[in-house]
Amino acid sequence: MTVNSGNRLKVLYSREEIEAAINRLAEKIALEYRGRNPVLIGVLKGSFIFMSDLVRRLDFPLEMEFVRLSSYGSSTESSGKIKLEHSVKTTIKGKDVLVVEDIVDTGLSLTFLMDYLKKKKPATLKLCCLMDKPSRRKAPVTIHYSGFIVPDQFLVGYGLDYAEQYRNLPDICILEGEK
Ligand code: 5GP
Ligand code: MG
């Protein structure tokens with residue numbers, strides 16, 4: 001793929017490794033949620049590819065919703081000021097809710113979102129993230145299903161962007177030359 005000037009990409013997780021991780025996650029999620037018609041809530045935009053690959057490995061009835069959060073600050077750092085740009089459109093009261101996120105970094109976005117969703121009184125509320133970057137955590141987040149523990153580097157691809165670029169990379173890559 002053509003890379004913007006000044007940036008270099010190094011593959012951290014190949015598409016095959018991502019697929020294997022999602023298979024493992026889907027097996028565990030199926031054990032817990034089969035027969036419960038859960039609502040999976042994807043966090044846009046980063047989780048759109050992860051969500052679409054994950055749900056196609058879950059062969060039981062479920063519903064899908066999407067939320068969109070925005071934070072203010074520079075493009076590679078989360079500032080901690082989180083706003084909900086788009087919320088769930090169906091009622092989640094009394095339902096089993098599983099939030100699907102691309103990466104938990106400082107934890108500020110997910111702390112905000114989980115608190116917000118909790119107020120809507122779901123029967124259960126859990127979190128599945130493809131990547132966990134624990135080294136930068138500012139707010140503690142309980143992650144129930146996690147694909148990879150990742151190093152403190154800026155990652156792009158498989159839904160993750162830098163300035164809206166690179167979401168379409170099939171692998172998860174380290175973006176070098178930024179930050
Ligand atoms: P947090 O609030 O946990 O700091 O940030 C969560 C959001 O920041 C993620 O959902 C993701 O959109 C973005 N983010 C955190 N780390 C990275 C990264 O390494 N690469 C990219 N592209 N986005 C990241
Ligand atoms: Mg995200």
Side-chain angles (χ1 to χ4, degrees), residues 1-15 17-18 21-22 25 29 39-55 64-88 97-118 125-179:
M1 164 145 174
T2 313
V3 172
N4 298 341
S5 64
N7 294 158
R8 271 177 307 131
L9 297 172
K10 200 172 100 189
V11 174
L12 178 64
Y13 299 114
S14 67
R15 60 206 79 179
E17 289 171 298
I18 298 169
I22 294 178
L25 289 172
I29 289 168
V39 184
L40 272 63
I41 301 182
V43 185
L44 294 173
K45 299 178 191 174
S47 74
F48 82 107
I49 296 180
F50 175 41
M51 178 86 159
S52 67
D53 279 345
L54 180 67
V55 294
M64 271 172 262
E65 284 286 334
F66 292 91
V67 295
R68 176 113 192 245
L69 302 173
S70 64
S71 73
Y72 301 94
S74 75
S75 44
T76 60
E77 295 275 337
S78 177
S79 68
K81 282 182 231 148
I82 317 290
K83 205 172 104 185
L84 196 63
E85 298 278 359
H86 173 91
S87 183
V88 286
V97 172
L98 181 62
V99 172
V100 178
E101 171 66 309
D102 52 357
I103 182 165
V104 179
D105 185 19
T106 63
L108 296 169
S109 315
L110 261 294
T111 300
F112 171 88
L113 181 63
M114 298 306 262
D115 286 349
Y116 170 84
L117 293 174
K118 214 175 287 170
L125 178 62
K126 290 194 175 183
L127 171 62
C128 170
C129 68
L130 181 60
M131 289 174 277
D132 176 11
K133 203 191 268 184
S135 53
R136 291 179 20 103
R137 201 73 92 244
K138 287 183 186 160
V141 176
T142 304
I143 301 172
H144 303 86
Y145 304 95
S146 159
F148 301 107
I149 307 282
V150 302
D152 182 13
Q153 270 164 316
F154 193 76
L155 307 175
V156 295
Y158 199 74
L160 283 80
D161 76 308
Y162 172 67
E164 293 304 325
Q165 296 295 307
Y166 307 119
R167 292 192 198 275
N168 55 327
L169 290 175
D171 307 307
I172 294 168
C173 300
I174 298 168
L175 182 68
E176 295 177 330
E178 283 300 338
K179 255 189 156 179

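Remember, it's 1-based here, ligands and their atoms both numbered in the order they're listed. Residues: numbered from 1 along the sequence shown. Note that this is a predicted model, so its numbers are computed, not measured.
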Going by the 4.0 angstrom heavy-atom rule, the piece of Q153 near ligand 1 is backbone
- [ ] Determine, using heavy atoms of Y162 and all atoms of ligand 1, whether some pair is separated by less than 4.0 Å.
- [x] no
Across all chains, not counting sequence neighbours, the side chain to side chain contact (heavy atoms under 4.5 Å, CB included) partners of Y145 are L25, K28, I29, E32, Y33, L98, C128
_In the structure I gave you, are the side-chain heavy atoms of M131 and L160 within less than 4.5 Å of one another anywhere?_
yes
- Beyond-backbone contact of V104 with R137, side-chain heavy atoms, under 4.5 angstrom: yes
Q. Are M114 and T142 side-chain neighbours, meaning at least one heavy-atom pair lies under 4.5 Å?
A. no
Check your understanding: Using the ring of each side chain (for Trp, its six-membered ring), is F50 parallel, tilted or perpendicular to Y158, with breaks at 30° and 60°?
Key -> tilted
Quiz item: Hey, are E85 and R68 close enough for a salt bridge, meaning a charged N less than 4.0 Å from a carboxylate O?
Solution: no
Candidates L113, D102, V43; heavy atom nearest atom 12 (O) of ligand 1 found on D102
Checking distances from the Mg ion (ligand 2), one finds that the N, O or S atom of E101 closest to it is OE1
CG of L108 to CG of L69, rounded to nearest 0.5 Å, is 11.5 Å
Contact region, E101 to ligand 1, non-hydrogen atoms below 4.0 Å, reads side chain
Check: of L12, L108, L69, D105, min heavy-atom distance to atom 15 (C) of ligand 1 comes from D105
Atom 3 (O) of ligand 1: of G107, S70, G46, S109, the nearest heavy atom sits on G107
Rounded to the nearest 0.5 Å, the OH atom of Y13 sits from the CD1 atom of I18 at a distance of 9.5 Å
In D102, the N/O/S atom nearest the Mg ion (ligand 2) carries the name OD1
Closest heavy-atom approach to atom 22 (N) of ligand 1 among I174, V156, D161 is made by D161
Closest heavy-atom approach to atom 19 (O) of ligand 1 among R167, M131, K133 is made by K133
For ligand 1 and L110, I'd like to know whether there is a polar contact (N/O to N/O, distance under 3.5 Å).
no
